[in-house]
Novice: 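Sharing a structure, written as structure tokens. Questions coming.
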Amino acid sequence: QVQLVESGGGLVQAGASLLLSCALSGATFSRYAMGWFLQAPGKEREFVATINWRGGSTNYADSVKGRFTISKDSAKNTVYLQMNSLKFEETAVYYCAAEGYGGGTRSVHDYDYWGQGTQVTVSS
């Protein structure tokens with residue numbers, strides 16, 4: 001079965017950087033668009049970034065543009081989210097997801113598979 005496993009979360013101070021990773025197994029990674037979402041306590045899951053199946057097109061939430069970078073390594077079946085200048089309000093569980101159509105979208109409803117999430121805590 002398809003599995004997504006995130007790693008790289010942790011506790012950092014505001015302004016610091018983190019690199020999240022997400023490895024996919026059980027499917028052909030290169031066929032999927034990949035996305036990152038976050039969910040803060042008591043709030044809905046929201047879009048952060050996505051990359052299409054070829055890796056040539058990315059899309060970001062306005063709040064993270066210029067600070068976060070999504071990338072994928074098909075040789076390693078892994079998608080990354082480099083997060084710089086982290087803010088306190090970005091404390092959340094971060095999820096990666098795979099979208100079989102391949103284009104990459106902002107909607108949680110378009111993604112077929114989800115990881116278990118990794119906690120990112122930003123202290124002020």
Side-chain angles (χ1 to χ4, degrees):
Q1 71 276 21
V2 178
Q3 284 191 319
L4 294 168
V5 180
E6 301 99 335
S7 60
L11 172 63
V12 296
Q13 290 188 332
S17 299
L18 273 178
L19 175 65
L20 303 183
S21 302
C22 173
L24 181 147
S25 61
T28 304
F29 179 78
S30 59
R31 293 182 179 177
Y32 287 87
M34 302 297 294
W36 286 97
F37 294 77
L38 64 83
Q39 189 167 18
K43 296 187 177 181
E44 293 187 350
R45 196 167 298 186
E46 60 183 67
F47 170 76
V48 176
T50 187
I51 187 166
N52 73 339
W53 68 282
R54 284 188 175 183
S57 177
T58 57
N59 198 359
Y60 297 92
D62 288 345
S63 61
V64 306
K65 281 181 181 177
R67 298 187 297 118
F68 289 14
T69 303
I70 188 172
S71 60
K72 62 187 304 191
D73 185 340
S74 292
K76 296 182 178 180
N77 286 2
T78 299
V79 62
Y80 303 97
L81 185 67
Q82 176 66 49
M83 305 187 294
N84 298 329
S85 301
L86 280 160
K87 302 177 180 180
F88 172 75
E89 56 266 33
E90 289 167 337
T91 294
V93 177
Y94 284 70
Y95 297 90
C96 74
E99 184 255 290
Y101 179 73
T105 79
R106 292 173 171 241
S107 173
V108 298
H109 304 292
D110 292 333
Y111 286 79
D112 303 293
Y113 303 103
W114 292 84
Q116 82 288 349
T118 186
Q119 177 70 46
V120 173
T121 302
V122 185
S123 62
S124 58

Novice: Indicate the atoms forming the closest heavy-atom contact of A98 with L24, along with that distance.
Specialist: CB-CD1, 3.9 Å
Novice: Which distance, rounded to the nearest 0.5 Å, do you find between the CZ of F47 and the OH of Y60?
Specialist: 9.0 Å
Novice: Is Y111 reachable from I70 through a run of hydrophobic residues whose side-chain heavy atoms are each under 4.5 Å from the next?
Specialist: no
Novice: Please say yes or no: joined through hydrophobic side-chain contacts below 4.5 Å, possibly via intermediate residues, are V93 and L81 part of one cluster?
Specialist: no
Novice: Mind checking the OG-NZ spacing from S63 to K87? Nearest 0.5 Å is all I need.
Specialist: 7.0 Å
Novice: Please report the closest heavy-atom contact between S85 and S17, naming both atoms and the distance.
Specialist: N-OG, 4.3 Å
Novice: Taking the side chain as everything from C-beta on, heavy atoms only, tell me whether E46 gets closer than 4.5 Å to V108.
Specialist: no
Novice: Please tell me if the side chains of Y95 and Q39 come closer than 4.5 Å, counting only heavy atoms from C-beta onward.
Specialist: yes
Novice: Are any of the side-chain heavy atoms of L86 and F68 separated by less than 4.5 Å?
Specialist: yes
Novice: Are W53 and I51 linked, directly or through other ILVMFWY residues, by side chains that come within less than 4.5 angstrom of each other?
Specialist: no
Novice: Using only atom types and a distance under 3.5 Å, with no angle test, would you say the side chain of T118 pairs donor to acceptor with the backbone of Y94?
Specialist: no
Novice: Kindly compute the distance separating CG (L4) from OG1 (T78), expressed to the nearest 0.5 Å.
Specialist: 10.0 Å
Novice: Starting from W36, can I reach Y113 by hopping between I/L/V/M/F/W/Y residues whose side chains sit under 4.5 Å apart?
Specialist: yes
Novice: What are the two closest heavy atoms between S30 and S74, and how far apart are they?
Specialist: CB-OG, 4.2 Å
Novice: Rounded to the nearest 0.5 Å, how far apart are CG of D110 and OG1 of T50?
Specialist: 9.5 Å
Novice: Between the main-chain N or O of S123 and the side-chain N or O of Q13, is there a donor-acceptor pair closer than 3.5 Å?
Specialist: no
Novice: Working to the nearest 0.5 Å, report the span between OG1 of T121 and CZ of F88.
Specialist: 9.5 Å
Novice: Which pair of non-hydrogen atoms, one from D112 and one from G100, has the smallest distance, and what is that distance?
Specialist: OD2-N, 2.6 Å
Novice: Check each of V64, V120, L19 against M83 using the side chain to side chain contact (heavy atoms under 4.5 Å, CB included) test, and report the only one that passes.
Specialist: V120
Novice: Flag yes if L20 and Y80 sit in one hydrophobic cluster, no otherwise; membership is Ile, Leu, Val, Met, Phe, Trp, Tyr, and two members link when side-chain heavy atoms are under 4.5 Å apart.
Specialist: no
Novice: Would you mind reporting whether F29 and M34 have side-chain heavy atoms less than 4.5 Å apart?
Specialist: yes
Novice: What's the spacing between K72 NZ and C96 SG if we round to 0.5 Å?
Specialist: 11.5 Å
